Structure formats: structure tokens, C-alpha cells
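Here's the structure we're looking at; comments come further down.
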There are 2 protein chains.
Amino acid sequence: MPPNQRRKQKHTTTNRVSLAMVAAHANVSTATASRIINGITNKASEQTIIQVKKAVEELGYRPASIGRALRCQESRMVGVLAASLANPTMSAIASSIEWALRDEGYIMSLCDTHEEADIQDEYLREMQSQLARAVVIIGAVQSELLNDYRHNGTTLLFVNRPAPDQKNSHYVGINNYQAGVDVANTLLQNGKRHIGIIHASLEFTAAAERRRGLLDRLSEEGIHPNDVPHAHSEGLNHLEVGYKSMETFLEMPNRPDVIVCLSDMLAYGAYRLTQEMGLDPVEDFTFFGFDDNPLNPWVAGWLNSVGVPASAYGPATVATLKAIWNQSPPTEPVYLPHQFRLNKAFFLLSLKK
Amino acid sequence: MPPNQRRKQKHTTTNRVSLAMVAAHANVSTATASRIINGITNKASEQTIIQVKKAVEELGYRPASIGRALRCQESRMVGVLAASLANPTMSAIASSIEWALRDEGYIMSLCDTHEEADIQDEYLREMQSQLARAVVIIGAVQSELLNDYRHNGTTLLFVNRPAPDQKNSHYVGINNYQAGVDVANTLLQNGKRHIGIIHASLEFTAAAERRRGLLDRLSEEGIHPNDVPHAHSEGLNHLEVGYKSMETFLEMPNRPDVIVCLSDMLAYGAYRLTQEMGLDPVEDFTFFGFDDNPLNPWVAGWLNSVGVPASAYGPATVATLKAIWNQSPPTEPVYLPHQFRLNKAFFLLSLKK
DNA sequence: AATCTTTAGGTAATCGATTAACCAAACAAA
DNA sequence: TTTGTTTGGTTAATCGATTACCTAAAGATT
């Protein structure tokens with residue numbers, strides 16, 4: 001290793017500008033400098049204020065948030081834990097939340113828990129340890145720490161997927177049960193009664209609620225849950241589950257012509273198989289999904305889906321966080337209005353009715 | 001406001017456990033506790049070590065990374081700035097990097113710059129101010145601060161899209177020029193010579209290089225750049241640009257039958273229009289994209305694409321970061337081997353040759 | 001003139017963890 | 001016995017910013 005590189009390594013020439021340097025440059029104490037920088041001007045003369053501001057400018061000073069966070073025991077950072085960034089719905093929600101947070105002067109720190117409880121716990125701890133102002137979980141999984149954190153002062157907000165036990169927690173997102181009911185209504189109104197369900201794990205409240213709403217409504221119309229075939233498999237990602245599940249349906253003697261997938265990703269998987277088998281996803285089936293993936297209008301025109309526009313999440317999430325901080329937390333889940341996106345064939349069909 | 005809520009607000013019962021509390025609980029000094037917790041055992045007796053570990057366990061202590069970061073002037077956090085999380089390619093890369101970083105004990109903090117220079121600058125500053133160990137930029141845009149940061153000690157790594165000026169910077173990702181050449185080769189080998197290009201801004205090195213490689217190779221085979229029609233529009237997202245651009249091509253008297261889109265998102269946009277016009281994206285055209293979006297095999301079987309598997313990014317990125325930290329930075333861009341994904345029709349065609 | 005008030009700003013403690021420097025006791029070597 | 005040396009710790013400084021509390025000087029009031 002050349003010696004000039006060694007030198008650099010020995011002491012990273014920390015060219016960070018600290019408050020002390022600004023204060024020295026302006027010939028005032030750090031207290032004065034700090035006050036002026038934070039806009040507390042009633043303790044300084046016009047002259048001093050100008051000096052300090054000049055020093056800040058000249059040195060290119062920016063407060064180290066880490067120092068402030070340590071002292072104030074609170075940072076401007078909001079941790080966002082997403083279950084799977086590979087799922088465009090979740091990344092789009094995260095992106096929307098980022099916009100809204102930055103608008104209010106907060107910084108988003110996004111992490112990917114890969115749907116694993118211990119990774120989620122690790123990040124929960126890390127956020128705590130970084131003194132995050134709040135933790136937003138897009139797609140929570142049941143984990144050991146989750147319940148502890150619910151009560152230890154950290155602001156915790158569940159987005160898109162309710163808390164595993166739904167108790168003492170704040171939620172922003174779709175009304176999963178109602179969405180299930182609405183899908184059932186749409187199908188029934190258009191004379192679709194031969195329905196199959198594809199689902200992954202039902203441990204997640206979101207999926208379970210969607211299914212419950214759907215089946216409840218179908219029951220009311222005389223379609224017994226036992227007459228609604230289910231296909232699923234666990235341990236794979238939703239795309240693969242959808243694919244495998246569709247295989248199951250295609251092998252059935254009297255296969256359903258409506259395939260309700262409890263998430264769009266499942267529908268994507270099912271679609272792949274229909275393509276490979278030379279079937280038509282619009283003529284031969286009616287596919288329904290949940291979440292309305294933002295890519296749907298572009299690459300999945302065949303899919304019907306119900307969901308909340310991703311851009312609605314950011315404002316609602318931030319508004320809810322602020323309400324919690326203001327000691328006026330919502331007492332009810334914050335349900336965002338969901339919308340249907342229907343494919344052309346189904347749309348025309350529904351017009352005729 | 002009820003009084004019990006007021007009380008809570010007055011002083012957030014900071015139930016964080018600090019090192020001092022652990023030390024007190026174990027009847028040792030913070031120095032001793034700190035050393036034991038960090039595994040420096042040559043300064044402590046067996047007895048003391050057990051005491052401290054018991055205290056840590058009983059109190060559920062976890063070091064506040066903020067304190068450590070302040071003291072050591074360095075955190076375990078790596079900032080990842082993505083240009084657009086709504087783009088599944090970028091989120092998938094981020095997700096992969098997250099895995100690899102966590103494997104090495106680092107924490108990813110992901111931000112969305114929305115392709116905007118000043119947001120990128122804001123996050124660059126914030127990362128600096130949080131003492132991030134490194135900053136990884138997935139899709140950098142030219143910005144004021146970018147050049148400063150290249151030289152002020154912060155480890156900076158460009159992923160998937162080279163630095164705007166390509167000088168003095170580290171890059172991990174696809175060899176854009178070569179990928180362009182390879183696409184040209186594949187087309188030529190299969191007798192495809194009537195080619196159109198859809199692109200968004202060519203200010204980004206990635207897009208410009210792809211185009212250059214493509215046109216250079218076509219030139220060699222006697223297809224002059226002027227004979228390769230281009231369609232583009234600025235200011236919209238890639239999906240919309242693709243859609244608009246495809247309109248342009250469809251209106252042309254002698255429209256190309258091969259549409260090379262400089263990103264998959266552009267291809268998605270173009271695809272939407274072909275669907276709406278009742279055209280067949282496989283029979284009527286040959287679509288080529290770049291990046292091989294991970295969703296392609298599931299919902300875009302019609303697309304041919306060249307790209308690097310998202311999962312390859314994480315390991316390569318982390319390895320490069322470690323090399324930089326070890327004072328043995330790569331002197332060349334780190335090119336990850338790219339692969340082709342061909343649609344069925346094109347694959348069969350290429351077999352025949 | 002004596003006292004009070006305001007202005008302008010400094011001193012030092014604090015947040016949590018790390019670590020250089022120091023120290024007392026035990027033990028070993030000369 | 002005196003002089004190292006090792007063991008097992010402690011004390012206190014430090015990182016960067018904030019802020020409660022103090023103070024000196026100037027101006028206002030009685």
C-alpha cells in the first residue's frame with residue numbers, strides 16, 4: 001500500500017464543518033451561533049446575526065443531524081419498513097410517503113424486511129436506536145418486538161396491511177373487508193357466479209379480510225363458501241404461488257371462470273400460465289386482483305383490480321402521523337377510498353346491465 | 001385534551017436503556033461495560049463479564065447507534081439514493097443491495113430522489129449529516145453537490161447508471177455500450193434491419209451509451225444513423241414517453257418493425273398503445289428493452305430485453321464498497337454480465353438461424 | 001443615586017457511547 | 001527490599017448541537 005494512502009486512512013480528514021468552527025469564524029460562542037441558526041434572534045444583535053450567517057455561508061455549514069438528534073432525543077427521520085420492495089405496489093406507496101414526508105421536512109429511511117419477522121425486528125430496533133420520529137410499516141408481519149413497540153412511546157403506523165392482531169394500532173389503507181364485499185358485488189351484478197380464489201398465506205390480516213368480505217357477500221347470494229374453490233401454496237413468492245395455483249384450477253374438471261386473486265402479484269403469476277397454455281385471460285376468464293398495481297394499466301390491461309391509488313397513501317400517512325403527534329390520534333382505522341379498474345371486456349359488460 | 005395525555009406529552013417517558021444504566025446495574029463503570037459489550041475482554045475478569053452480560057440481558061439493552069456514530073464519526077448506515085422507486089428495476093436492485101448490506105452488518109437507508117437534482121442534493125447532504133458510511137446512487141442525476149461529494153471523503157458509488165461525467169467515480173452495473181452493441185448484433189443476426197428507437201432524455205449516460213452502442217454496430221453493417229428513426233418526448237415519465245413515442249411510429253408511412261426502447265418502462269408504454277390499437281406486440285413488432293425488469297417474465301412475455309439480474313447487484317455493490325474501504329478501489333467500472341431474455345417467437349427465430 | 005429591566009451573549013451541562021490515560025493491587029524478578 | 005509488569009479496572013475527554021442558567025453593560029425608573 002502506498003504511503004500516501006496510509007496517511008489518508010490513519011485519520012480521515014474530516015472536512016465536516018461543525019458548529020464550533022462556525023462560532024469561531026464569527027467570533028461568538030456556540031450558544032449564540034446555535035440560536036441564530038435556529039432562528040432564535042431575540043438574543044442577538046443585528047450585527048451578530050449577520051456575522052454568523054456570513055460564517056455559515058462561507059464555511060458551507062449544515063447542522064449534523066446526529067448531534068441534534070442525540071441532544072434532543074429525537075430526529076427528523078421517519079423509518080419506513082416495507083415487506084417487499086420487489087412488489088411495485090409497496091414501492092409505489094413508499095415513494096408516495098417519501099414525497100409527503102419531505103414536504104413536511106422529514107426524511108424517509110426505507111428498509112426492506114423481505115417479509116421476515118427477524119429482519120423486521122432488527123430494523124425496528126435499529127429505528128429505535130436511531131431515534132426515529134416514527135416507524136411506518138408497509139406490510140407488517142407478526143413478530144416478537146412488534147407488540148412491545150406498540151406501547152413504548154415509538155409512534156407506529158401500519159399502512160396497507162393492518163397490524164397482525166389489529167389491537168391498539170393505527171392503520172392507513174384500504175378497507176379490506178369492504179373491498180372483498182365490493183368485488184363480490186361487481187361479480188354478482190354481472191352474472192359471474194362460478195368463482196375461484198387464489199391466495200397465499202392467510203395469516204396476513206389483509207388477505208384474510210379480503211377473503212372474508214368476498215365469501216360473506218357470496219354467501220348472502222346463496223353461494224356457499226364450500227362451493228368456492230381455493231388454490232394456494234405457501235413458501236414461495238406471490239408470483240410463483242399464483243402460477244402454481246392456476247395450475248390447480250386448470251386441472252379441475254369444472255374449473256371456475258372467475259379467478260379472484262387476493263393480490264395482484266398472484267394474478268400476475270396466474271396470467272403467466274394462461275399465456276403459456278395459449279388461453280385468453282380476457283375471453284376465457286375474468287381475473288380480479290387487489291391493490292391495483294400502478295403498472296396494471298400499462299402491462300396488465302387484462303386484469304380487473306380494486307385498490308387505492310398509491311399517491312393517496314403519502315398525504316394520508318403523514319396526516320395520520322401528525323395527528324398522533326398532536327395527541328389526537330384517529331380512533332378508527334383510516335380507510336382510503338378504493339377504486340375499481342376494470343378491463344375493457346368487463347367494463348362493457350357492466351355497462352350493458 | 002385529557003390531563004393524562006398532557007402528562008405523557010410533558011416528558012416522554014424515555015424508556016430507552018442507556019449504557020450508563022447497564023453499567024450501574026452491573027456495578028461497573030461505563031468504560032468496562034462498553035468494552036465487554038464490544039467484545040474487548042482482555043480488560044475484564046470472568047466474573048465482571050458475566051455480570052455485565054446479565055445486566056444487558058435483564059435490561060434488554062441495545063447500544064444507541066447514534067451515540068456510537070457521534071463518537072466514532074461513522075455509522076453502520078449506508079445511504080442508497082434511488083432515482084425512482086416506482087421503477088421496479090430500481091426497487092429490485094435496492095432490495096438486492098439491502099440483502100447484501102445486511103449480510104455484512106450494515107443498515108440500508110433508502111431514499112427516492114424522484115429524478116430531481118435538488119432532492120438528490122438534499123439527500124446527499126442528509127446522508128453526510130447522518131455520517132453515512134457510504135452513499136450508493138441508483139440512477140444519479142447531474143447535480144451541484146455531486147462533484148463536491150466525489151472528493152470530500154464520502155464513499156460514493158454509482159449503480160446501474162454511471163456518474164453524469166463518468167470521471168473519478170466508481171460504477172457497478174451493466175456495460176451500456178456493449179449491451180447496445182449486443183442488441184444490434186442479435187437483431188442483425190435475425191435479419192431485422194428496420195429498426196426504430198424510443199428514448200427519453202439522453203442526458204443520462206446510460207441511455208446515451210446504449211444508443212451509441214446500438215447505432216455504432218448498425219453503422220458497421222451499413223445502416224446509417226439517419227436511417228434509424230427516433231421517437232421521444234421529454235418531461236413525462238418513461239411509461240408516458242413510451243406511449244407517446246409509439247404514436248409517432250404508428251403514424252409513420254413506413255414504420256419500423258423493430259422497436260428498441262432504451263428502457264423497459266418505455267417499452268411498457270409503447271405496448272399499451274399497441275394493445276389499444278389492436279396490434280400484436282409479437283406478430284406485428286419485435287420489441288426490445290433494456291434492464292430486464294424482474295416482472296417481464298410474468299406480465300411482459302412479449303418483450304425482449306437485455307439486462308443484469310437484480311440479484312447480482314447486491315453482492316457486487318457490497319464487494320465494491322468493501323474494496324474502496326480497503327484502499328483497493330476498482331480502477332475500472334465493474335461491469336456485471338448481462339443476459340438476454342427473448343420472447344418465444346424471437347427465440348424460435350434465432351434457433352433457426 | 002440607587003434600583004430595576006432589558007439586551008446581548010457566554011458558560012457549562014447534557015444526550016450515549018468510546019477510548020486514551022491513569023491507577024491500585026497483585027505478582028514476579030533482581 | 002526494590003523495581004518492573006500484569007491484571008482489572010476507573011476517570012474524564014470527546015464527538016456536535018442545544019439550552020438552562022448566569023452575567024455584564026446599558027438604559028429606564030423612582
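The sequence lines fix the lettering, A, B, ..., with proteins before strands; numbering per chain opens at 1. Remember, predicted model here, so these are calculated numbers, not experimental data.
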Whole angstrom is fine here: how far is it from [atom1] in [X] over to [atom2] in [N]?
X	N	atom1	atom2	result
A:Ile50	C:dG9	CD1	P	12 Å
A:Glu126	C:dG16	CD	C1'	14 Å
A:Asn42	C:dT7	CG	P	9 Å
A:Leu131	D:dG16	CG	C1'	14 Å
B:Arg62	C:dG16	CZ	P	16 Å
B:Gln128	D:dG16	CD	C1'	14 Å
A:Glu74	D:dA17	CD	P	18 Å
A:Asn27	C:dG10	CG	C1'	13 Å

Do A:Glu98 and A:Arg102 sit within salt-bridge range, that is, some charged N less than 4.0 Å from a carboxylate O?
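The answer is yes: the pair qualifies as a salt bridge.
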
NZ/NE/NH1/NH2 to OD/OE distance under 4.0 Å, A:Glu115 and A:Arg161:
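Looking at A:Arg161 together with A:Glu115, the answer is yes, because their closest N to O distance falls below 4.0 Å.
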
Categorize B:Thr48 for me: base, sugar-phosphate, or nothing, with a 4.0 angstrom heavy-atom threshold over every strand shown.
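Sugar-phosphate contact only.
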
Classify the nucleic acid contact of B:Ser29 as base, sugar-phosphate or nothing, counting any heavy atom under 4.0 Å across all strands shown.
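The residue B:Ser29 makes base contact.
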
Heavy atoms only: give me the nearest B:Pro329-B:His170 pair and the separation to one decimal.
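Minimum heavy-atom separation between B:Pro329 and B:His170: CB-CE1, 3.5 Å.
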
How about A:Glu203: does its CD atom have over 12 heavy atoms from other parts shown lying under 6.0 Å from it?
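No, CD of A:Glu203 has 12 or fewer neighbouring heavy atoms, counting only those of other groups under 6.0 Å.
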
On the nucleotide C:dG9, are OP1 or OP2 found under 4.0 Å from the side-chain N or O atoms that A:Ser45 carries?
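Affirmative; the distance criterion is met.
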
Give a yes/no on whether any side-chain N or O of A:Gln73 is located under 4.0 angstrom from OP1 or OP2 of C:dG16.
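The answer is yes; a side-chain N or O of A:Gln73 sits under 4.0 Å from OP1 or OP2.
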
Anything under 3.5 Å between a protein N or O and an N or O of nucleotides 18-21 of chain C, put it in a table, one pair a line.
residue: C:dT18; atom: OP1; partner: B:Asn38; partner atom: ND2; Å: 3.3
residue: C:dT18; atom: OP1; partner: B:Arg68; partner atom: NE; Å: 3.4
residue: C:dT18; atom: OP1; partner: B:Arg68; partner atom: NH1; Å: 3.4
residue: C:dT18; atom: OP1; partner: B:Arg68; partner atom: NH2; Å: 3.4
residue: C:dT18; atom: OP2; partner: B:Ser34; partner atom: OG; Å: 2.9
residue: C:dT18; atom: OP2; partner: B:Asn38; partner atom: ND2; Å: 3.4
residue: C:dT18; atom: O2; partner: B:Arg71; partner atom: NH1; Å: 2.3

Can a side-chain donor-acceptor contact be found between A:Ser75 and A:Gln130 if the only test is distance below 3.5 angstrom?
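No pair is found: no donor N or O on one side chain lies under 3.5 Å from an acceptor on the other.
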
Any donor-acceptor pair under 3.5 Å from B:Ser129 side chain to A:Ser65 backbone:
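Between the backbone of A:Ser65 and the side chain of B:Ser129 there is a qualifying donor-acceptor contact (under 3.5 Å).
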
Can you confirm if the aromatic rings of B:Trp325 and B:Tyr106 lie within a centre distance of less than 6.0 Å?
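Centroid distance B:Tyr106-B:Trp325: below 6.0 Å, so yes.
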
